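Predicted model, so just to flag it, every value in this text is computed and none were measured.
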Amino acid sequence: LRDEAWARAHPDQATSAWRQIVADLQLRIVLPSQGESRTYRYDVYAGPKESSRLETVWPDHSKLMEKDLGFFNGIASVLLAVLGFFERLTGNWGVAIILLTISVRLLLFPVNRKSQTSMGRYQSKMKRLQPRIDEIKKRYAKDPTAQRQEQAKLMQEEGAFPPLGGCLPMFLQIPVFIGLFAALRSSFDLRQAPFGLWIHDLAVPDRLLRIGLQIPVLGPIEYLNLLPLLMVVLWIWQQKGMPMPADEQAAKMQKMMMWMPVMMGFFLYNYAAGLSLYMITQSGLGIIEQKVIKKIWPIDDAERPKKKAGFLARLMEAQQQQAEQRKRRARGRGNT
């Protein structure tokens with residue numbers, strides 16, 4: 001139960017206004033037959049949701065922890081174990097989150113580098129082909145179907161197909177992000193764990209200042225949370241440092257993606273400071289990679305000899321053959 005009068009009298013300590021916790025429990029009991037009696041005994045655990053203590057009381061409490069971690073409980077459990085290892089080394093959960101982020105980045109660096117190299121070579125080839133693509137667009141400006149077919153033919157001849165693994169590093173990071181999201185939401189270890197400066201609890205927003213704003217549409221904003229704002233700035237900075245694709249559609253998509261950090265900033269504004277710290281470190285490492293590592297160790301984006309037709313090439317070839325067959329059938333019906 002919350003002492004509202006005390007909270008109003010001490011607005012800067014409103015989070016300390018909780019005086020009592022009320023919990024409800026639903027039980028399904030099988031009623032005994034007439035003349036029969038049964039006795040039910042219950043043990044109530046009123047303590048921290050710490051896995052070691054819970055499982056000491058009753059081993060099946062481990063299932064409760066797994067349920068709290070959700071679908072990604074396996075990844076979240078591994079992340080918590082790694083975080084615990086780094087925390088024992090450093091004595092700070094915030095530093096542990098930073099070290100975890102660096103570890104994930106290092107593990108994915110070979111995959112990320114290979115993906116960047118493939119994408120760089122593809123974009124180099126697209127820059128070389130761009131004048132020919134523009135020529136096709138002008139020649140078949142009034143015939144979109146022929147325009148698409150000629151472009152597909154050119155792409156097939158040159159082997160200019162987007163690398164299938166271009167988004168693989170991002171997809172590999174999504175389970176880590178969701179797993180950390182679940183871990184921060186349910187782990188007792190991170191409750192009231194300080195990082196430094198004004199960040200006193202990594203399991204709640206960082207709450208730099210109490211501002212008490214009422215913004216239309218967005219609703220009340222009680223605190224100024226600095227970490228989500230810094231996270232959005234670094235995301236945008238990182239995206240601006242990415243090379244603009246030569247392909248027109250890909251360039252439009254990249255421009256649209258510039259709004260994603262702003263949207264994510266709204267969604268994660270009131271979430272745990274630990275998650276913002278993870279994303280800030282992730283973006284910071286990405287910027288260092290763009291500004292420093294790629295200058296010291298440039299990506300080899302020189303074109304390579306055309307490879308044997310892959311899945312996309314075979315698919316486009318099959319589509320072209322089907323289009324030619326439809327044209328022949330249409331001419332045959334016209335002649336009859």
Side-chain angles (χ1 to χ4, degrees), residues 69-70 72-116 167-187 189-206 208 225-242 257 260-261 264-265 267-294 296-297:
L69 292 175
F72 287 87
N73 67 81
I75 296 175
S77 299
V78 172
L79 291 177
L80 284 173
V82 175
L83 279 174
F85 170 74
F86 285 136
E87 192 275 335
R88 288 190 293 274
L89 285 179
T90 63
N92 187 298
W93 284 101
V95 177
I97 291 173
I98 293 174
L99 292 176
L100 170 70
T101 313
I102 294 172
S103 302
V104 172
R105 192 85 187 187
L106 287 174
L107 285 172
L108 293 179
F109 182 78
V111 179
N112 197 23
R113 184 74 180 189
K114 185 177 180 180
S115 170
Q116 291 171 352
C167 296
L168 182 60
M170 182 180 67
F171 285 122
L172 289 176
Q173 291 179 41
I174 289 176
V176 178
F177 176 82
I178 298 176
L180 188 62
F181 187 97
L184 290 171
R185 180 186 60 196
S186 59
S187 174
D189 295 327
L190 290 164
R191 291 287 188 271
Q192 299 179 352
F195 173 52
L197 300 176
W198 73 96
I199 306 170
H200 305 296
D201 189 347
L202 289 165
V204 298
D206 60 285
L208 175 63
N225 300 326
L226 184 60
L227 290 185
L229 302 180
L230 181 59
M231 176 180 69
V232 171
V233 170
L234 289 176
W235 272 351
I236 294 175
W237 185 5
Q238 184 183 6
Q239 287 200 359
K240 282 186 174 293
M242 296 174 64
M257 290 296 290
M260 285 299 295
M264 291 297 291
F267 292 141
L268 299 177
Y269 184 77
N270 285 313
Y271 202 71
L275 189 67
S276 296
L277 186 62
Y278 169 80
M279 299 306 299
I280 287 170
T281 309
Q282 188 73 259
S283 297
L285 292 173
I287 293 169
I288 292 172
E289 184 179 345
Q290 289 175 350
K291 304 296 183 182
V292 180
I293 296 177
K294 286 184 180 179
I296 299 173
W297 183 19

Please report the interatomic distance [atom1]([X]) to [atom2]([Y]), rounded to the nearest 0.5 Å.
| X | Y | atom1 | atom2 | answer |
| --- | --- | --- | --- | --- |
| Leu197 | Leu208 | CG | CG | 10.0 Å |
| Ser276 | Leu229 | OG | CG | 9.0 Å |
| Leu275 | Met231 | CG | CE | 7.0 Å |
| Leu100 | Thr281 | CG | OG1 | 9.5 Å |
| Asn225 | Trp198 | CG | CH2 | 10.5 Å |
| Phe195 | Leu202 | CZ | CG | 7.5 Å |

Can you name the nearest heavy-atom pair linking [X] to [Y], along with the distance?
| X | Y | result |
| --- | --- | --- |
| Asn92 | Gly94 | OD1-N, 2.7 Å |
| Gln238 | Gln290 | O-NE2, 2.9 Å |
| Asp201 | Arg191 | OD1-C, 3.8 Å |

(request) Please report the C-alpha distance between Tyr269 and Leu227 in whole Å, then the side-chain angles of each, then the deciding distance to 0.1 Å, and finally whether the side-chain contact (heavy atoms from CB on, under 4.5 Å) criterion is met. (result) CA-CA 8 Å; Tyr269 184 77; Leu227 290 185; over 6 Å; no
(message) For Phe85, is the CZ atom crowded, meaning more than 12 foreign heavy atoms sit under 6.0 Å from it?
(response) no
(message) Please evaluate residues Phe86 and Ile97 with respect to the criterion side-chain contact (heavy atoms from CB on, under 4.5 Å), reporting the C-alpha separation (whole Å), side-chain torsions for both, the decisive distance (0.1 Å), and the verdict.
(response) CA-CA 8 Å; Phe86 285 136; Ile97 291 173; over 6 Å; no
(request) Applying side-chain contact (heavy atoms from CB on, under 4.5 Å), name anything that partners Leu234, two or more places apart in sequence or on another chain. (result)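 side-chain contact (heavy atoms from CB on, under 4.5 Å) list for Leu234, sorted by chain: Leu230, Trp237, Ile280, Ser283, Ile287.
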(message) Please list all pairs meeting salt bridge (Lys or Arg N to Asp or Glu O under 4.0 Å) that have one or both residues in residues 99-108, counting only residues at least two apart or in different chains.
(response)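 Every salt bridge (Lys or Arg N to Asp or Glu O under 4.0 Å) pair that includes a residue of residues 99-108, provided the two are not neighbours, is Arg105-Glu289.
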(message) Show every salt bridge (Lys or Arg N to Asp or Glu O under 4.0 Å) that has at least one partner inside residues 82-103, sequence neighbours left out.
(response)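 Counting only pairs at least two positions apart or across chains, no salt bridge (Lys or Arg N to Asp or Glu O under 4.0 Å) contact touches residues 82-103.
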(request) Determine yes or no for a side-chain-to-main-chain donor-acceptor pair under 3.5 angstrom, with Asp206 supplying the side chain and Ile199 the backbone. (result) no
